[in-house]
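Numbering of residues begins at 1 and proceeds along the displayed sequence.
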Amino acid sequence: RSASTLKQPVLTWTNLSDADHNTLTSFIFTTVSGSANQFTYTEAYSTGSNVTYNVKYLGGLENAKSTAYDSWNVTLNLAVV
């Protein structure tokens with residue numbers, strides 16, 4: 001896809017560790033205050049090129065599912081600003 005078409009990236013993790021889930025949750029809700037502040041997201045392409053976007057959190061962590069001991073399935077919905 002063209003970098004100019006990325007408007008609402010969706011990031012998905014399966015089997016994210018409990019520690020990483022806690023770090024991600026803290027970053028979203030403490031560091032960037034949910035959707036109040038923007039942060040930088042870098043899309044890494046298989047060609048070796050990277051494109052960086054300023055994004056805001058739209059949701060997803062509220063629906064994270066614990067799949068096993070110390071394991072989470074998480075989806076983050078973001079918006080390019």
Side-chain angles (χ1 to χ4, degrees):
R1 72 182 167 240
S2 163
S4 63
T5 63
L6 186 65
K7 300 296 180 203
Q8 291 188 312
V10 176
L11 309 179
T12 302
W13 293 267
T14 55
N15 300 316
L16 188 67
S17 73
D18 203 34
D20 288 340
H21 175 261
N22 290 339
T23 299
L24 181 60
T25 300
S26 177
F27 173 76
I28 292 297
F29 292 120
T30 304
T31 305
V32 297
S33 301
S35 62
N37 298 304
Q38 64 185 26
F39 59 97
T40 301
Y41 163 69
T42 300
E43 175 89 11
Y45 291 92
S46 59
T47 59
S49 63
N50 298 325
V51 179
T52 300
Y53 302 93
N54 290 323
V55 295
K56 283 194 172 188
Y57 171 73
L58 294 179
L61 276 173
E62 309 80 15
N63 300 317
K65 302 287 184 206
S66 177
T67 57
Y69 176 76
D70 191 35
S71 185
W72 292 83
N73 287 347
V74 178
T75 298
L76 287 187
N77 298 300
L78 306 174
V80 174
V81 293

Exercise for the section: Please report the shortest heavy-atom distance between A64 and H21, naming the atom on each side. Expected result: CB-NE2, 3.8 Å

Problem - For Y57 against L76, the heavy-atom pair lying closest together - result: CE1-CD2, 3.5 Å

Problem - Expected output: side-chain S26 to main-chain N22 donor-acceptor under 3.5 Å - result: no

Problem - N54 side-chain N/O to V81 backbone N/O, donor-acceptor pair under 3.5 Å - result: no

Exercise for the section: Show your reasoning for whether side-chain contact (heavy atoms from CB on, under 4.5 Å) applies to Y41 and L11. Expected result: CA-CA 10 Å; Y41 163 69; L11 309 179; 3.4 Å; yes

Problem - Joint cluster assignment, V55 & L58, ILVMFWY side-chain distance < 4.5 Å - result: no

Practice task
Report the distance from atom CG of N50 to atom OG1 of T42, rounding to the nearest 0.5 Å.
Solution key: 6.5 Å

Completion exercise
Here the gap from L16 atom CG to K65 atom NZ, rounded to the nearest 0.5 Å, amounts to 15.5 Å

Exercise for the section: Give the C-alpha distance, both sets of side-chain angles, the deciding distance and a yes or no for side chain to side chain donor-acceptor pair (under 3.5 Å) between S71 and N15. Expected result: CA-CA 5 Å; S71 185; N15 300 316; 3.0 Å; yes

Completion exercise
Residue set satisfying side chain to side chain contact (heavy atoms under 4.5 Å, CB included) with F27, at least two apart, ordered chain then number -> T31, V32, F39

Practice task
Could you check L78 against Y53 for side-chain contact (heavy atoms from CB on, under 4.5 Å), going step by step and ending with a plain yes or no?
Solution key: CA-CA 10 Å; L78 306 174; Y53 302 93; over 6 Å; no

Handout entry: From V74, N77, T75, residue fulfilling side chain to side chain contact (heavy atoms under 4.5 Å, CB included) relative to L61
Key = V74

Exercise for the section: Indicate whether any N or O donor in one side chain lies under 3.5 Å from an N or O acceptor in the other, for Y45 and E43. Expected result: no

